[in-house]
Structures are given as C-alpha cells and as structure tokens.
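First comes the structure, then the notes that go with it.
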Amino acid sequence: MLPDPSGCLVAAGAFSPDERAAVYRAIETRRDVRDEFLSEPLPEPLIARLLAAAHNAPSVGFMQPWNFILVRGEETREKAWQAFQRANEEAARMFAGEAQAKYRALKLEGIRKAPLSVCVTCDRTRGGSVVLGRTHNPQMDVYSTVCAVQNLWLAARAEGVGVGWVSIFHESEIKAILGIPEHIEIVAWLCLGFVDRLYQQPELAAKGWRQRLPLAELTFEEEWGISADLDAGRR
C-alpha cells in the first residue's frame, strides 16, 4: 500500500512580482554560448548549485536517469575537441554555397575556451524494464534528462555562467574518451564558464542563420491547424 501523501503537501502560490520577473528574465536571456567564455575557473560551491538544480529536474517515474561527468583536464577536453572538429567538418560539407560559408564562419570554440565541460548522460536501464510513465513512450527518460539540462542552463544564467551545448560529435568517440558504458546514452556535452557579455538575441539569429518563428504561427486551438487567438486575453 502506498503511503498517504496528504501530510507531505505544502502551501503553493504565485511568486512575488520580482521573483516572477527573475524567472522570466532567465528564460528570455538564456543563450547558447559559443565563444564568449572567460578563463576564470568556476568555484566548487557554484558548480554544486548548478548540479543540484539539474538534479531537481522532473523525471518520468522519478527514475532520475541522468549522470554528470565533469571534465576539466586540458588533455581530455582536447581529445573531445578533436572529435568535435572531425564531426564539424563533416557537418560543414552537408551545407552548400552561402549556407556553408555562414556555417564555417561560426565560432564554436567552447570545448577549448570554457574552463569546465559537463557530459550529461541518460541511463535508460535505471528504472528497470517497466517504468511508470514510460510504458507507452520509451523516449520519456531522454526527455527527462533534457529537463535536467534546461534546469542547469537557467540556473547558470542566474549565476552569470554561460552554457554552450555541443551536439556535433560521434557518440562512440566521446564514449571512448570518457569510458562511458555502451548502454548509457549521451544527451549533452555542455561547456560552462563565466561570461561578461551575451548576445541580445540568439547568436544564430544575430548572425542571420535563422530567425525566431512567430509564436502565433505555432499555436493551435483544439486540433491541428486551427489557429489559437493569443490576443484574446489582452482584450
């Protein structure tokens, strides 16, 4: 029999206006940092706070499938950068003409410049073969791990720490570098470091790669394709 949770409930309510504004500010000014990292190392208590924020993410079946590998060593980061560089060259050749030129102009130096990298993984066996909430969507454990990444990212923004998500690599190469078991899935390689400036808008928008899509075009009401009236609440 499950325990009665009624004694575990606490009061809930909206944040104060200042607290609420801070949350939205972190969301709206979060950026994927690629080249603006400072060399100053992150203090250990700060790293612990960021990891705690990630660990407080929601997870399907409360399976908490994540692990965090902290990578500081210059030799290890150089090996990871070489793996990225090989994949990045492959990626560049997938674009043609002006798009390839724009791609090659992007500075993607986070692995070398940021004083800390964090490899975030997902152990898809942690909750056993049958996990509450994952019975009909086996990807929910990976989605849960992405929630941990977002928690860390928003907490980092509040702490003045930049984060860059590196996704251009062959997973097998990173697994070999970090000794990650075969059944563990890599979700993110994150570069972390202090920053003293950020782009006012996402860097890819600022550099003309792509612009943010209008929310109204992405929001439907009741069924696919029926536009929602997002201005109704303002009238």
Side-chain angles (χ1 to χ4, degrees), residues 24-39 71 74 76-122 139 142-143 145-154 156-157 161-178 180 185-220 224-225 227-228 230:
Y24 282 104
R25 182 186 175 202
I27 293 170
E28 292 164 3
T29 64
R30 180 214 56 81
R31 296 289 177 261
D32 190 0
V33 178
R34 301 165 185 272
D35 192 47
E36 290 74 43
F37 294 105
L38 305 177
S39 60
V71 181
E74 185 174 340
T76 305
R77 287 191 290 129
E78 181 63 21
K79 289 179 181 178
W81 183 86
Q82 293 292 344
F84 156 78
Q85 190 66 10
R86 286 188 289 272
N88 192 49
E89 181 57 33
E90 294 172 3
R93 292 195 294 268
M94 296 178 188
F95 299 98
E98 184 180 353
Q100 185 177 121
K102 283 185 176 181
Y103 183 91
R104 292 186 182 279
L106 296 173
K107 292 184 177 181
L108 306 174
E109 294 298 314
I111 295 176
R112 278 178 160 174
K113 292 190 70 173
L116 172 66
S117 286
V118 179
C119 184
V120 184
T121 64
C122 177
Q139 296 298 316
V142 177
Y143 299 160
T145 306
V146 174
C147 288
V149 171
Q150 181 75 337
N151 268 21
L152 185 152
W153 214 332
L154 294 177
R157 177 66 190 94
V161 174
V163 177
W165 186 331
V166 178
S167 58
I168 303 170
F169 52 76
H170 292 289
E171 185 179 58
S172 59
E173 291 195 53
I174 300 300
K175 281 187 172 183
I177 292 168
L178 299 182
I180 297 173
E185 185 168 330
I186 297 175
V187 172
W189 181 291
L190 304 177
C191 305
L192 281 76
F194 285 121
V195 290
D196 58 6
R197 58 181 183 170
L198 291 168
Y199 280 89
Q200 287 187 332
Q201 58 180 322
E203 183 177 351
L204 293 184
K207 293 184 176 179
W209 184 266
R210 192 167 186 181
Q211 300 304 306
R212 190 179 299 281
L213 299 173
L215 177 60
E217 295 181 5
L218 307 176
T219 308
F220 303 141
W224 186 271
S227 297
L230 298 181

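Just so it is clear, the structure is predicted and the values come from calculations on it, not from any experiment.
- Arg30 places no side-chain N or O within donor-acceptor distance of the main-chain N or O of Leu154, the cut-off being under 3.5 Å.
- The residue from Arg112, Lys113, Arg197 that alone fulfils the salt bridge (Lys or Arg N to Asp or Glu O under 4.0 Å) condition with Asp35 is Lys113.
- Of the residues Val195, Ile27, Leu198, the one that meets the side-chain contact (heavy atoms from CB on, under 4.5 Å) test with Arg157 is Leu198.
- Checking side-chain atoms of Arg77 against main-chain N and O of Ala114 turns up a donor-acceptor pair under 3.5 Å.
- To the nearest 0.5 Å, atom CH2 of residue Trp81 and atom CD of residue Glu74 are 12.5 Å apart.
- Exactly one of Arg210, Gln211, Arg34, Lys102 qualifies for a side-chain contact (heavy atoms from CB on, under 4.5 Å) with Leu204. That residue is Arg34.
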As a quick check of understanding, evaluate side-chain contact (heavy atoms from CB on, under 4.5 Å) for Lys79 and Glu173, giving each step before the final call. CA-CA 9 Å; Lys79 289 179 181 178; Glu173 291 195 53; over 6 Å; no
Assess whether side-chain contact (heavy atoms from CB on, under 4.5 Å) is satisfied between Tyr103 and Met94, documenting all intermediate values. CA-CA 10 Å; Tyr103 183 91; Met94 296 178 188; over 6 Å; no
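- By the 4.0 Å N-to-carboxylate-O rule, Arg104 lies close enough to Glu89 to be salt-bridged with it.
- Formation of a donor-acceptor pair under 3.5 Å by the Asp32 side chain with backbone atoms of Glu203 is not found in this model.
- Taking a 6.0 Å sphere around CZ of Arg25, one finds it holds 12 or fewer heavy atoms contributed by other residues, nucleotides or ligands.
- Heavy-atom contacts from other residues, nucleotides or ligands closer than 6.0 Å to NZ of Lys175 number more than 12.
- Expressed to the nearest 0.5 Å, how far CG of Leu230 lies from OG1 of Thr219 amounts to 5.0 Å.
- The line from CD of Gln150 to OG1 of Thr145 is 13.5 Å long, rounded to the nearest 0.5 Å.
- Glu36 and Arg31 are not joined by a salt bridge, as no carboxylate oxygen comes within less than 4.0 angstrom of a charged side-chain nitrogen.
- Under the 30°/60° scheme for interplanar angles, the aromatic rings of Trp209 and Phe95 are found to stand perpendicular.
- With values rounded to the nearest 0.5 angstrom, Trp189 atom CH2 is found 5.0 Å from Leu178 atom CG.
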